[in-house]
Amino acid sequence: MGIRGVLGNQPYHTSGQIRSGFGAPPIECKSVYEADPTAVIRKEADGIVAKSYYTEEEALWNQYMKQYRDSLKIVDGKLEVNGDPRNVLLGKVSGEELEQYRLKLEQEGIGDEIDWRGVEADFKKMDVNLDNAGHLNTKIDYIASRYAVLKDRIEKNYSGDEKEQQLSRLNEIMDSAKKTIVDSYSDSVGNFYEEYGYSGAKAELSESLSKGIDQRISQYEDHLQKSESYAGLGDTTAKWLQQDDGYMAARLREDMAAYGGRSAQIEETGYTLQDLEAAGGYAAECRERLDNQGTFWSDNEQRMGLDLAVQGMKTDYLTKQGNLSATMQSLLQDTFQNYKDKYVDLLEQMLKEKAAHFNTPMKTSVDRQEIAAVYEYTMNQYRQSEDILDAFTKGAKRAQSIFESNFSDRAGAPGSYSAKYEWDNFFEQSQYTGIAKDNTMYEEYRKSISRFIQSLESDDNKKIHLLFNSSGDYELNLFA
């Protein structure tokens, strides 16, 4: 457990907010029609698939706007309209007009012919990177359920050569989307674990992801054929909605989730899809923490030891309570050991670079023994109780005590007085500030720890909020 060199062991009409998981801040949904009018999934402002419920209202908007999709395009990030101006009036179309269009659909339907243009568009932009790895299963569930619905429709409505041609086209689209997911995940998440000491991680993660996608597709295909409740939708769902494969895929996802099918993964060697999503979110949190060090006082050794201990406890708790495979548990634990070393190395590098720009003496290194003293003490408290908050509280008090005992020897050193002010007010807010008492540094840590634990105690479909960056470096955190 030692640190190297340290002693011690809307789609269209939506205007609300959606949350990307793993502690990311809320992101505003687009309230204008996106470049791809055939899309049938909600997208965040950066194009990441975030929600895929696809309600009846969204299906109505989707079909309504398909009338005008040839006149819409985005150039240099701006919407350009040719032809009917109602394309840019989204959200301003009257309810009466939409209701009339709904009645038309109910009378005429939208036809059983597959809208391949729409399918191809919806299966694009499936890249996985450290910004959206927390939505890996959202993407996989989307393409797998849509594939299952489309395949079932083709097999029921076509025959002979035409059937083979339709299936071939569907498989080509699916193979392309799958390749995008696997390759991009490997190049982002896989690269992170290779960098932090796990040789061969890219190949292992890619192989498991490819198998996992195939397995998820089979699960949806099987559920579609066996589920009486999904089949019963034909008795209660308008014909035009049954012809909308995006809408039926959303209902299939809901139906399978209701029967626990999403989490019923086949036990195989390698990593599960839940493993892979957790690994992506964990890598993203570590990378962000490494890239955003030291906003306030993270060059204070006691504070660094406390921060690293919080991350260490969250890592351990995740491996034990996150329903992860033993292989993934080992990967995360091993990665954290290398992460700790890199964190301190990069901080010292940053201190040296900053000091070079000043004529006055600046701090250029940290005492790794002091970091280890707080880290090991806090981790030992956690190992005894397995209570993160209790161990953190005891660790913070020990860190404060060590800092106070060392302060007289360091008074006047760069940053020493600001660090003393922070430690003096760590548990109780200063009377000279106007900030509410619940914004003490201790309270910020407590919130991040509590929210992390709650995210693991919820159902399998909720995102895990590690919140590595939501402790002491960032004082103005808002928690949902």
Side-chain angles (χ1 to χ4, degrees), residues 10-12 30 33-44 46-54 58-59 61-63 65-66 69-70 72-74 110 112-129 131-133 135-155 157-158 164-188 206 209-221 224 243-254 256 262 273 276-277 280:
Q10 177 108 293
Y12 317 130
K30 284 192 173 181
Y33 203 77
E34 301 214 310
D36 189 359
T38 61
V40 292
I41 49 180
R42 300 172 190 258
K43 295 182 179 180
E44 291 178 356
D46 59 1
I48 300 170
V49 177
K51 300 288 186 182
S52 54
Y53 299 114
Y54 195 47
E58 289 166 340
W61 269 116
N62 185 57
Q63 298 302 329
M65 292 304 294
K66 279 184 179 181
R69 63 184 176 186
D70 288 329
L72 284 175
K73 62 180 178 178
I74 287 183
I110 61 177
D112 289 322
E113 184 177 349
I114 295 173
D115 176 19
W116 287 114
R117 176 178 172 182
V119 175
E120 289 174 346
D122 295 335
F123 275 55
K124 291 180 180 177
K125 297 182 179 178
M126 289 293 165
D127 300 70
V128 178
N129 52 55
D131 292 328
N132 65 13
H135 290 299
L136 176 65
N137 275 297
T138 302
K139 292 175 182 284
I140 295 173
D141 280 322
Y142 179 78
I143 62 174
S145 59
R146 191 87 179 271
Y147 176 89
V149 168
L150 286 166
K151 182 179 179 182
D152 181 66
R153 177 174 297 183
I154 291 170
E155 291 177 339
N157 295 343
Y158 298 90
E164 294 305 316
Q165 291 173 3
Q166 296 284 320
L167 286 173
S168 177
R169 187 169 187 179
L170 174 61
N171 288 327
E172 287 178 5
I173 295 172
M174 184 66 189
D175 289 344
S176 177
K178 176 183 172 182
K179 186 176 188 302
T180 297
I181 291 176
V182 173
D183 290 351
S184 58
Y185 183 94
S186 174
D187 290 340
S188 55
S206 295
L209 180 54
S210 180
K211 290 180 178 179
I213 294 173
D214 291 340
Q215 175 187 315
R216 186 61 56 80
I217 293 170
S218 297
Q219 288 176 334
Y220 275 110
E221 290 179 313
L224 184 151
Q243 294 169 329
D244 186 328
D245 60 271
Y247 180 83
M248 295 306 292
R251 305 292 74 77
L252 177 61
R253 291 192 294 275
E254 291 177 346
M256 193 166 87
R262 185 185 184 281
L273 290 180
L276 297 170
E277 183 167 287

Please examine the side chains of [Y] and [X], heavy atoms only from C-beta on, and report whether any two atoms are closer than 4.5 Å.
X: L209; Y: I140; answer: yes
X: E58; Y: Y247; answer: no
X: W116; Y: I173; answer: yes

If you compare all heavy atoms of [X] against all heavy atoms of [Y], which two are closest, and at what distance to 0.1 Å?
X: Y158; Y: D112; result: OH-O, 4.3 Å
X: N132; Y: V128; result: OD1-CA, 3.3 Å
X: K124; Y: E120; result: CG-O, 3.2 Å
X: K151; Y: L167; result: CG-CD2, 4.0 Å
X: L252; Y: S145; result: CD2-O, 4.0 Å

Do R169 and Q166 pair up side chain to side chain, a donor and an acceptor below 3.5 Å, judged on atom types alone? no

Identify, with sequence neighbours excluded, every residue that meets salt bridge (charged side-chain N to carboxylate O under 4.0 Å, His left out) alongside E172. none

Using salt bridge (charged side-chain N to carboxylate O under 4.0 Å, His left out) as the criterion, list what pairs up with D152, not counting sequence neighbours. K156

Can you list the residues that meet the side-chain hydrogen bond (donor to acceptor under 3.5 Å, both in side chains) rule with [X], with sequence neighbours excluded?
X: Q165; result: none
X: Y185; result: none
X: S186; result: S206
X: Q63; result: D244

For residues 174-181, tabulate all N or O donor-acceptor pairs below 3.5 Å that involve a side-chain atom, not counting sequence neighbours.
| residue | atom | partner | partner atom | Å |
| --- | --- | --- | --- | --- |
| K178 | NZ | S210 | OG | 3.1 |
| K178 | NZ | D214 | OD1 | 2.8 |
| K178 | NZ | D214 | OD2 | 3.0 |
| K179 | NZ | D183 | OD2 | 2.7 |
| T180 | OG1 | S176 | O | 3.0 |

So, is the end of the R216 side chain (NZ or CZ) under 6.0 Å from the ring centre of Y220 and within 45° of the ring's axis? no

Separation of [Y] [atom2] from [X] [atom1] (nearest 0.5 Å):
X: S184; Y: D127; atom1: OG; atom2: CG; value: 5.0 Å
X: E113; Y: Q243; atom1: CD; atom2: CD; value: 11.5 Å
X: I154; Y: E164; atom1: CD1; atom2: CD; value: 10.0 Å

Could you tell me whether a side-chain N or O of [X] sits under 3.5 Å from a main-chain N or O of [Y], the two making a donor and an acceptor?
X: D245; Y: D115; answer: no
X: D122; Y: V119; answer: no
X: R253; Y: R146; answer: no

Could you walk me through whether Y54 and N62 satisfy the side-chain hydrogen bond (donor to acceptor under 3.5 Å, both in side chains) test, starting with their C-alpha distance in whole Å, then the side-chain angles of each, then the deciding distance to 0.1 Å, before giving a yes or no? CA-CA 10 Å; Y54 195 47; N62 185 57; 3.2 Å; yes

